[in-house]
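Quick notes on the structure that follows.
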Amino acid sequence: MKNSGKLKGKTLFITGASRGIGKAIALKAARDGANIVIAAKTAEPHPKLPGTIYTAAEEIERAGGRALPCIVDVRDERQVQKAVEAAVAKFGGIDIVVNNASAISITGTLDTEMKRYDLMQNINARGTFLVSKTCLPYLLRSENPHILNLAPPLNLSPKWFANHTAYTIAKYGMSMCVLGMAEEFRAQGVAVNALWPRTTIHTAAVEMLSGSEGALYSRKPEIMADAAYAIFCRDSKEYTGQFFVDDEVLRDVGVKDFAGYACHPENIHLLATDIFLDEAGPSAKL
């Protein structure tokens, strides 16, 4: 999907943007000349994962954007406030918020330690609420404000709870922020939407958890970046409260060939449907 230039001069506040999907979204917007606030914890190199907020900032500026790296743990209210204040001081406001930071533990009830339960709740549900709440006063001043949560549709089928109740509760907390805030701020024109991948997305963090073989059945983070970009280019007053799936968004803007998004295009018939989605749908077969 080609860039349109519509995000030039816009300021995006992206949590967890030092790597993976968050960084892919940042780089996509940077090619328009957007300002990117990299709100993430990784200031020092991780022993197993590539990238820091500073290396991400360098990539964003090489891509044509302006970057502000901020050390942010979304569980820490003061750190979030300081990053938002720094963003406004440097760029003059905030136009788009991407709640990408997330914690995951696919474990059953008896195998989920309470510290892991608390981590998922505090990053996923509480962190999303906190970042959105802190940015909203500035979003309300923007011409086309968007909040985008990387969260699944609210699928209440018991099978999505049975094997990992704690994670589902935490992730659906992000989804419920979409449901509530979209309606709360509809009249003010702030779009609040969710975006979820049709298939598994292969990132360095996923590889660390599940191994490199996952790439055989996954798509690249760029499909999520292109879908997020398409959402940001829409009128915030007309598109809110939606639970978007990446390839459906791209189909709507004319993308027909999805093979290039696959990590291994020769394996597109083997793409694995992501969690919380009941069917792969037609796009996964392309």
Side-chain angles (χ1 to χ4, degrees), residues 3 7-103 122-124 127-136 138-139 142 145-151 174 195 201 203-206 208 220-222 224-229 231-232:
N3 278 52
L7 299 188
K8 184 176 182 180
K10 299 289 187 180
T11 298
L12 286 75
F13 190 101
I14 307 177
T15 65
S18 60
R19 60 175 67 95
I21 293 172
K23 189 177 78 170
I25 293 173
L27 290 171
K28 179 70 175 180
R31 295 185 190 105
D32 267 8
N35 309 315
I36 311 294
V37 183
I38 307 160
K41 293 194 301 180
T42 311
E44 300 294 331
H46 189 282
K48 296 183 179 179
L49 296 172
T52 67
I53 57 175
Y54 304 112
T55 58
E58 292 172 0
E59 290 185 59
I60 286 163
E61 293 187 346
R62 285 198 300 270
R66 297 171 66 199
L68 176 63
C70 295
I71 300 172
V72 176
D73 182 338
V74 297
R75 295 172 293 177
D76 188 316
E77 184 174 4
R78 184 59 192 144
Q79 286 186 22
V80 172
Q81 289 173 338
K82 285 179 64 177
V84 169
E85 290 166 4
V88 173
K90 184 174 179 68
F91 299 128
I94 296 173
D95 302 288
I96 295 167
V97 171
V98 181
N99 286 303
N100 166 68
S102 187
N122 288 335
I123 292 177
N124 299 2
T128 292
F129 185 91
L130 170 60
V131 170
S132 301
K133 169 184 168 65
T134 309
C135 291
L136 267 161
Y138 304 100
L139 292 170
S142 173
H146 287 264
I147 295 175
L148 184 67
N149 297 348
L150 298 196
M174 298 176 71
L195 177 64
I201 301 294
T203 64
V206 169
M208 185 179 73
K220 304 170 187 175
E222 284 71 22
M224 289 288 281
D226 283 357
Y229 179 87
I231 292 168
F232 301 150

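In terms of heavy atoms, D73 sits closest to Q79 at N-OE1, 2.7 Å. Nearest approach of H146 to F232, heavy atoms of both residues: NE2-O, 3.5 Å. Closest approach of M174 and L150 over heavy atoms only: CE-O, 3.7 Å. Between N100 and T15, the shortest heavy-atom distance links the atoms N-OG1, 2.9 Å. Pairing each heavy atom of L12 with each of A29, the nearest pair is CD2-CB, 3.7 Å. Residues D32 and Y229 approach most closely at OD2-OH, 2.6 Å, considering heavy atoms.
For the pair T203/R19, no side-chain contact is recorded, criterion being any heavy-atom separation below 4.5 Å from C-beta on. In this structure, the side chains of V37 and I14 stay at 4.5 Å or more apart for every pair of heavy atoms. V97 has its side chain within reach of L139: a pair of non-hydrogen atoms, C-beta onward, lies under 4.5 Å apart. With contacts defined as side-chain heavy-atom distances shorter than 4.5 Å, the pair R75/K41 qualifies.
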Discussion item. Working note: S102 + N124, criterion side chain to side chain donor-acceptor pair (under 3.5 Å); need CA distance, chi angles, decisive distance, verdict.
Written reply: CA-CA 5 Å; S102 187; N124 299 2; 3.2 Å; yes
Item to complete: Quick one: do I147 and L136 satisfy side-chain contact (heavy atoms from CB on, under 4.5 Å)? Show the steps, please.
Response: CA-CA 9 Å; I147 295 175; L136 267 161; 4.2 Å; yes
Worksheet item: Passes side-chain contact (heavy atoms from CB on, under 4.5 Å), E44 versus T52? Steps please.
Response: CA-CA 6 Å; E44 300 294 331; T52 67; 5.8 Å; no
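One finds the CD1 atom of I60 at 3.5 Å from the CD1 atom of I38 (value rounded to the nearest 0.5 Å). Distance check: L27 CG to E59 CD gives 5.5 Å after rounding to the nearest 0.5 Å. For the atom pair NZ of K28 and CE of M224, the computed distance is 14.0 Å after rounding to the nearest 0.5 Å.
Looking only at distances, no side-chain donor or acceptor of S132 sits under 3.5 Å from a matching main-chain atom of F129.
With sequence neighbours excluded, the residues that form a side-chain contact (heavy atoms from CB on, under 4.5 Å) with T134 are V80, Q81, V84, L130.
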Below 3.5 Å, can you tabulate the donor-acceptor pairs from side chains in residues 89-96 to any protein atom, sequence neighbours excluded?
| from | atom 1 | to | atom 2 | distance (Å) |
| --- | --- | --- | --- | --- |
| D95 | OD1 | S142 | OG | 2.7 |
| D95 | OD2 | T11 | N | 2.8 |

